[in-house]
Amino acid sequence: MADNLSDALKKLKLASADSTTDSVESCLDCLLKALAHNNADASGKIQEMGVLPLLPTLLAPQSSCTPKVANIIAEVAKNDEGRSAVDLAGGAQIVAGHIKSLSQNTDPDNGKLLTVFCGMLMNYSNDNDSLQAQLINMGVIPTLVKLLGLHSDNTALTEMCLIAFGNLAELESSKEQFASTNIAEELVRLFQRQAEHEKKEMIFEVLAPLAENDVIKLQLVEAGLVECLLDVVVHTVDGVREEDVAQLKTASDLMVLLLLGDESMQKLFEGGKGSVFQRVLSWVPSHNHQLQLAGALAIANFARNDGNCIHMVESGIVQKLLELLDRHVDEGNVTVQHAALSALRNLAIPVVNKAKMLSAGVSDTVLKFLPSEMPPVQFKLLGTLRMLIDTQADAADQLGTNGKLVERLVEWCEAKDHAGVMGESNRLLSALIRHSKSKDVVKTVIQGAGVKHLVVMATSEHMIMQNEALVALGLIAGLDLVGAEKDFVGAGLVQVLHKLLSDEMSAPEVKYNSMVIICAVMGSGPLHKEVQGLAFIDVVSKLRSHENKTVSHQASLTEQRLTAQS
């Protein structure tokens with residue numbers, strides 16, 4: 001085979017110069033045979049003999065050699081090294097030019113040749129960002145979409161177009177071109193005609209990356225993709241075959257993805273009366289974990305504006321989510337727990353929803369997941385509770401005096417491997433104090449060793465967290481200075497306040513709240529002594545001329561207090 005290939009390559013070099021078709025065709029047949037036998041070896045030999053640059057010259061429109069030449073280039077482009085060689089031989093221009101030319105020719109015999117060139121494009125665009133970008137810039141996407149519409153009955157061509165779409169859709173720059181075509185309509189139309197699992201999967205693999213683009217999301221919704229997805233769910237939800245399970249997951253995941261776009265989500269919500277919205281809600285009480293997950297995630301996505309959240313709480317969705325969570329306390333499906341908590345957190349954002357959700361027992365259900373060792377669940381649990389108690393003094397008081405909760409928060413405040421959980425724990429600890437303004441809550445936090453974490457939180461790089469910590473520390477100092485004194489000293493509170501006041505980059509709110517705490521801790525002997533030792537009066541006196549009037553006024557009051565007690 002190796003000798004035959006070498007001979008064929010030598011002959012081809014000579015024959016291509018003479019353009020004797022018969023001898024060229026026999027050489028091409030030999031090359032195709034060698035590539036089919038051992039692609040890597042034959043591809044390497046073709047490159048080594050310098051034949052590849054000659055092949056584009058044999059791609060004449062009416063030549064009988066053209067399909068074979070295109071097939072050879074396609075075969076060589078199957079591996080990385082071959083793709084690079086094809087690129088050097090002008091592969092992108094060859095494939096883009098011929099596909100565009102053939103797409104404009106209505107000759108019915110073009111189907112086979114188009115299939116060959118689409119196969120070349122499919123191999124050539126595989127897993128290579130640079131080559132994909134070249135093809136996109138040459139405008140192959142609109143041409144391929146047009147071909148998909150014209151030749152949807154040509155199975156081989158359709159499949160190659162789909163694989164090429166999947167390859168090209170990996171690049172973000174392709175999405176704008178796709179959005180300017182009728183790709184959504186073509187893919188939905190193609191999907192509706194498919195009965196086989198494999199064919200549907202091929203279309204799904206193109207839809208998923210395309211649906212990450214918000215413009216295409218809306219186009220897919222308008223083209224009727226959602227109805228197709230709901231139909232797949234109905235036909236696979238009770239299926240036990242592996243392909244049914246796979247299709248159910250893909251369809252429901254894609255449904256959730258479409259809801260991530262604001263316009264597509266709102267179109268499907270239809271004021272809470274949309275049939276799609278109602279169908280998705282029915283997934284939550286399903287016996288199928290995948291549908292439960294998709295239903296909860298869909299609610300979380302619908303709950304991205306106050307109007308939707310208010311309507312959903314009024315329509316009883318909270319109860320469905322609580323029942324779902326109750327089913328997963330023991331079953332422990334982490335993804336479902338996480339999704340349901342995400343939905344509750346979003347629903348709790350509007351102020352008018354908080355009291356309703358609290359009276360529905362949301363906090364009690366959420367607390368059942370305190371023992372969870374899964375950081376994603378912990379993170380959403382914390383966020384849900386923090387949203388619920390915002391402006392709700394009684395709820396903050398009740399939760400803030402829950403020793404087990406505070407103990408768990410303090411433990412999570414030290415979860416250095418999980419920054420999100422650590423940050424949310426600190427924020428909830430602070431929120432319990434800020435919203436309750438309760439001496440009992442402060443006592444519980446002191447007893448639970450939470451004060452030191454709030455002092456550390458005051459040094460956060462995030463201004464909002466600094467401020468939340470300082471307000472909570474000010475309330476601790478005002479409500480139970482004696483109880484907190486030891487923790488304040490041990491955590492270096494006074495030193496932290498000095499640093500915040502000395503730092504020119506500190507926000508006005510941070511400076512103001514730091515001075516409020518200074519005034520509050522002056523009633524403690526040990527803390528008063530630390531304040532005097534750090535010469536606070538010099539730092540504070542400079543702030544009397546601060547451009548922020550609230551800060552300058554507080555600086556004057558603080559300076560008077562420091563002077564009076566020096």
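The residues of the chain are indexed from 1 along the displayed sequence.
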Name every donor-acceptor pair, under 3.5 Å, that has one atom in a side chain of residues 200-216 and the other anywhere in the protein, sequence neighbours excluded.
{"unit_1": "N213", "atom_1": "OD1", "unit_2": "V215", "atom_2": "N", "d": "2.9"}
{"unit_1": "N213", "atom_1": "OD1", "unit_2": "I216", "atom_2": "N", "d": "3.0"}
{"unit_1": "D214", "atom_1": "OD1", "unit_2": "K217", "atom_2": "NZ", "d": "3.0"}

### Message
Working note: L147 + N154, criterion side-chain contact (heavy atoms from CB on, under 4.5 Å); need CA distance, chi angles, decisive distance, verdict.
### Response
CA-CA 10 Å; L147 287 177; N154 184 330; over 6 Å; no

### Message
Assess the residue pair K175 and E172 against the criterion (salt bridge (Lys or Arg N to Asp or Glu O under 4.0 Å)); give the C-alpha distance rounded to whole Å, side-chain angles, the decisive distance to 0.1 Å, and a yes or no.
### Response
CA-CA 6 Å; K175 308 289 170 64; E172 197 55 41; 3.5 Å; yes

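Classified by interplanar angle (parallel below 30°, tilted 30° to 60°, perpendicular above 60°), the ring pair F269/H311 is perpendicular.
Counting only residues at least two apart or on different chains, the side-chain hydrogen bond (donor to acceptor under 3.5 Å, both in side chains) pairs with a member in residues 357-368 are D326-K368.
Note that the CD atom of E186 and the NZ atom of K146 stand 12.0 Å from one another [nearest 0.5 Å]. A distance of 11.0 Å separates CD1 of I299 from CG of N346, quoted to the nearest 0.5 Å. F379 contributes atom CZ, which lies 15.0 Å from atom CE of M374 (distance to the nearest 0.5 angstrom).
Taking the side chain as every heavy atom from C-beta outward, L409 and L432 approach each other to under 4.5 Å. In this structure, L321 and L347 have side chains that are in contact, with non-hydrogen atoms separated by less than 4.5 Å. Side-chain contact check for L325 versus L344: some heavy-atom pair is nearer than 4.5 Å.
Classification of K404 and E407 as a salt-bridged pair fails, no side-chain N sitting under 4.0 Å from a carboxylate O.
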